[in-house]
Asker: 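Before I ask anything, here is the structure I am working with.
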Amino acid sequence: MEKTINMQINMDAGAPVMEPQRQFYYMDLAKNLIKEREKAYGRKLTAHVETFGCQMNARDSEKLRGILDTIGYVQVDTEEADFVIYNTCTVRENANNKVYGRLGTLGNYKKKNPEMMIALCGCMMQEAHVVDRLKKDYRFVNLIFGTHNIFKFAELVVRALTEKQLVVDIWEDTTQIVEDLPIERKYSFKSGVNIMFGCNNFCSYCIVPYVRGRERSREPKDIIREIERLVADGVVEVMLLGQNVNSYGKNLDQPMTFAELLREIEKIDGLERIRFMTSHPKDLSDELIEVMAQSKKICKHMHLPLQSGSSRILKKMNRHYNKEQYLTLVDKLRAAIPDIAITTDIIVGFPGETKEDFLETLDVVRKVRYDSAFTFIYSKRSGTPAAEMEDQVPEEEVKENFDILLKEVQQIAAEKAKALEGAVLPVLVEQVNEHDSTLLTGRLSNNSVVHFSCTADQESGTNSHADESLIGKIVDVKLAECKGFYYLGELCR
Ligand code: SAH
Ligand code: SF4
Ligand code: F3S
């Protein structure tokens with residue numbers, strides 16, 4: 001998939017300086033190294049990529065798989081493989097701990113297969129204390145690299161396969177964006193598409209700007225070309241990815257707004273659904289709302305992280321909006337796009353958060369009535385301004401507020417979902433249901449999950465396997481029953 005770029009590389013001339021040619025050179029070298037190992041083992045070599053964290057990381061993992069595939073590894077679902085790479089996240093402490101925990105198991109696999117290669121990359125690796133700990137306590141690791149030089153993966157694999165010692169390559173930041181490397185998509189019919197990298201917002205609790213670097217947008221022509229290729233390869237839905245898509249294009253030589261980019265993407269024939277995340281409320285423009293309202297392809301879903309409903313806390317969070325401005329934005333969205341689903345992220349227990357502050361958050365939740373919300377307990381990230389703030393909230397109080405919030409959010413989400421019961425709506429079919437092979441599973445434009453039967457089977461009274469030919473197609477489904485946060489439905493033929 002997407003491995004259409006066929007670079008002619010003269011292996012005798014040494015490594016090219018230019019990218020991506022340089023990486024294709026190293027892919028060819030790696031292929032030969034893998035072939036030699038295959039001969040020695042008398043079998044194919046296997047690889048496993050494990051993703052922690054957000055959709056940005058998931059997309060990066062597809063890039064890693066694209067390279068591993070190209071150089072001859074067979075992807076497997078188990079971590080008992082010849083090459084295992086963890087693409088890590090460090091947004092909260094528990095994301096971090098998970099990685100250390102699981103590395104222990106990998107170490108045991110390596111005792112059984114001493115030639116096994118273990119690599120670590122992603123956001124956690126941008127933190128010096130992490131790399132120091134890995135070097136000291138996890139000496140079986142072969143390769144460590146960060147977020148800024150992931151495009152160099154082929155080159156780093158060659159080094160790790162040939163050098164007998166740990167290879168570490170971490171960059172502080174980069175302005176470079178390398179296009180046209182191979183990518184192995186998880187789904188044939190939908191895909192993430194990076195439109196920008198990094199973040200300049202420095203919300204005071206957040207580690208992302210430190211581990212993902214400064215904001216840089218891809219050229220619109222590169223984005224459009226990527227989506228056109230994806231569509232030619234069967235993709236009908238794209239998710240445009242950026243930490244703050246609403247500030248897209250500001251640093252381009254020829255600046256362009258996110259709304260303008262969406263207008264261009266809308267024109268791509270064959271593309272049926274456009275999603276994006278994440279939108280920072282401070283940069284959500286009227287122009288974007290207008291484009292969404294007019295669009296036939298942009299999904300009626302806005303993920304609009306609130307973080308806190310207290311203007312006092314929002315200020316300390318460095319979010320650049322207050323409670324009233326947020327609520328006004330929601331009103332504007334609903335006025336322009338009445339059936340829009342609004343989802344959010346909320347942090348409970350930010351330093352200095354009082355009961356009154358928490359009640360403000362609860363108030364916003366009740367006013368907005370989110371279709372769903374991710375709720376997080378504040379996690380102290382060293383290096384961020386919030387980590388230095390006094391009056392960190394006691395754990396007991398945070399837990400109590402968190403439970404109240406979660407209950408409220410879930411109840412509202414269930415009520416909202418119930419309102420669509422009985423409706424017939426388009427569903428993008430994603431897969432055969434994981435637990436019941438007579439059902440298909442897909443998503444509504446508002447991102448809700450629907451499990452549905454194909455009525456033809458019901459008529460004949462047999463419970464046969466679901467119609468897999470519908471995967472990747474958009475079909476009308478009657479949402480017969482709401483089950484809280486998902487639906488059971490029937491295909492309308
Ligand atoms: N760029 C996106 C989201 C990035 S991280 C945005 O601005 O919304 C995803 C979510 O993780 C954030 O929205 C926030 O709710 C949560 N998060 C980030 N840092 C956190 C921290 N230190 N503790 C708890 N949750 C955090
Ligand atoms: Fe983190 Fe804020 Fe940037 Fe989102 S916008 S990634 S929360 S700093
Ligand atoms: Fe985690 Fe990095 Fe995403 S810290 S949330 S994987 S940008």
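When a ligand or atom number is given, it counts from 1 through the structure's own listing order.
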Asker: If only side-chain N and O atoms count, and only distance matters, is there a donor-acceptor pair under 3.5 Å linking Asp169 with Trp171?
Answerer: yes
Asker: Identify, for atom 7 (S) of ligand 3, the protein heavy atom at the shortest distance, and state residue, atom and that distance.
Answerer: Gln243 NE2, 3.3 Å
Asker: State if Arg212 counts as touching ligand 3 under the rule of any non-hydrogen atom under 4.0 Å.
Answerer: yes
Asker: Salt bridge (charged side-chain N to carboxylate O under 4.0 Å, His left out) with Glu430: which residues, sequence neighbours excluded?
Answerer: Lys190, Arg443
Asker: Checking a contact table here: which protein heavy atom is nearest atom 2 (Fe) of ligand 3, and how many Å away?
Answerer: Cys123 SG, 2.2 Å
Asker: Taking the basic N atoms (NZ, or NE/NH1/NH2) and the acidic carboxylate oxygens, is any pair closer than 4.0 Å for Glu397 and Lys355?
Answerer: no
Asker: Examine all N, O or S atoms of Cys54, backbone included, and report whether one is under 2.8 Å from atom 2 (Fe) of ligand 3.
Answerer: no
Asker: Does Gln55 have a heavy atom less than 4.0 Å from any atom of ligand 3?
Answerer: no
Asker: Write down the atom of Pro20, the atom of Leu181, and the distance for their closest heavy-atom approach.
Answerer: CB-CD2, 3.8 Å
Asker: Does the distance from a Lys or Arg side-chain N to an Asp or Glu carboxylate O, for Asp403 and Lys399, drop under 4.0 Å?
Answerer: yes
Asker: Among Tyr210, Phe202, Tyr205, which residue places a heavy atom closest to atom 7 (S) of ligand 2?
Answerer: Tyr205
Asker: Show which atoms of ligand 2 fall inside a sub-4.0 Å distance from at least one heavy-atom site of Arg319.
Answerer: 2 (Fe), 7 (S)
Asker: One residue to check: Asn244. Relative to ligand 2, which of side chain, backbone, both or neither has a non-hydrogen atom less than 4.0 Å away?
Answerer: neither
Asker: Within 45° of the ring axis of Tyr138 and under 6.0 Å from its six-membered ring centre, is that where the NZ or CZ of Arg133 lies?
Answerer: no
Asker: If we set the cut-off at 4.0 Å for heavy atoms, which region of Pro209 has an atom near ligand 2: side chain, backbone, both, or neither?
Answerer: side chain
Asker: Identify the protein heavy atom lying closest to atom 4 (Fe) of ligand 2, giving its residue, its atom name and the separation to 0.1 Å.
Answerer: Gln243 O, 4.3 Å
Asker: Using a 3.5 Å cut-off on N/O to N/O, what pairs does ligand 1 make with the protein? A line per pair would be great.
Answerer:
{"from": "ligand 1", "atom 1": "1 (N)", "to": "Gln243", "atom 2": "O", "distance (Å)": "2.9"}
{"from": "ligand 1", "atom 1": "1 (N)", "to": "Gln243", "atom 2": "OE1", "distance (Å)": "2.8"}
{"from": "ligand 1", "atom 1": "11 (O)", "to": "Arg92", "atom 2": "NH1", "distance (Å)": "2.9"}
{"from": "ligand 1", "atom 1": "13 (O)", "to": "Gln307", "atom 2": "NE2", "distance (Å)": "2.8"}
{"from": "ligand 1", "atom 1": "13 (O)", "to": "Asp345", "atom 2": "OD2", "distance (Å)": "2.6"}
{"from": "ligand 1", "atom 1": "15 (O)", "to": "Gln307", "atom 2": "OE1", "distance (Å)": "2.7"}
{"from": "ligand 1", "atom 1": "17 (N)", "to": "Arg92", "atom 2": "NH1", "distance (Å)": "3.4"}
{"from": "ligand 1", "atom 1": "22 (N)", "to": "Tyr205", "atom 2": "O", "distance (Å)": "3.0"}
{"from": "ligand 1", "atom 1": "22 (N)", "to": "Ser379", "atom 2": "O", "distance (Å)": "2.8"}
{"from": "ligand 1", "atom 1": "23 (N)", "to": "Ser379", "atom 2": "N", "distance (Å)": "2.9"}
{"from": "ligand 1", "atom 1": "25 (N)", "to": "Arg92", "atom 2": "NH1", "distance (Å)": "3.4"}

Asker: With no hydrogens and no angle check, do the side chains of Glu434 and Thr441 hold a donor and an acceptor under 3.5 Å apart?
Answerer: no
Asker: What I want to check is whether the side chains of Arg59 and Ser191 have a donor and an acceptor closer together than 3.5 Å.
Answerer: yes
Asker: Checking contacts here: is it the side chain or the backbone of Cys203 that comes within 4.0 Å of ligand 2, counting heavy atoms only? Could be both or neither.
Answerer: both
Asker: Is Glu226 paired with Arg218 through a side-chain N to carboxylate O contact shorter than 4.0 Å?
Answerer: yes
Asker: Can you name the closest pair of heavy atoms from Ser445 and Cys299 and give their distance?
Answerer: O-CB, 3.2 Å
Asker: Do Ser379 and Glu93 pair up side chain to side chain, a donor and an acceptor below 3.5 Å, judged on atom types alone?
Answerer: no
Asker: Establish, for the pair Arg381 and Tyr205, whether the NZ or CZ atom is under 6.0 angstrom from the six-membered ring centre and no further than 45 degrees off its axis.
Answerer: no
Asker: Closer than 2.8 Å to atom 1 (Fe) of ligand 2: does that hold for any N, O or S atom in Cys206?
Answerer: yes
Asker: As an exercise, identify every atom of ligand 2 less than 4.0 angstrom from a heavy atom of Val208.
Answerer: 6 (S)
Asker: Can you report which non-hydrogen protein atom sits closest to atom 1 (Fe) of ligand 3, along with the distance?
Answerer: Cys89 SG, 2.4 Å
Asker: Quick one: do the Tyr187 and Glu62 side chains pair a donor with an acceptor below 3.5 Å?
Answerer: no
Asker: Strictly by modelled atom types, are Asp357 and Ser310 linked by a side-chain donor-acceptor pair under 3.5 Å?
Answerer: yes
Asker: Counting non-hydrogen protein atoms only, what is the nearest one to atom 3 (Fe) of ligand 2? Give residue, atom name and distance.
Answerer: Cys199 SG, 2.3 Å
Asker: Would you kindly specify which portion of Arg212 sits under 4.0 Å from ligand 2, judged on non-hydrogen atoms: side chain, backbone, both or neither?
Answerer: neither
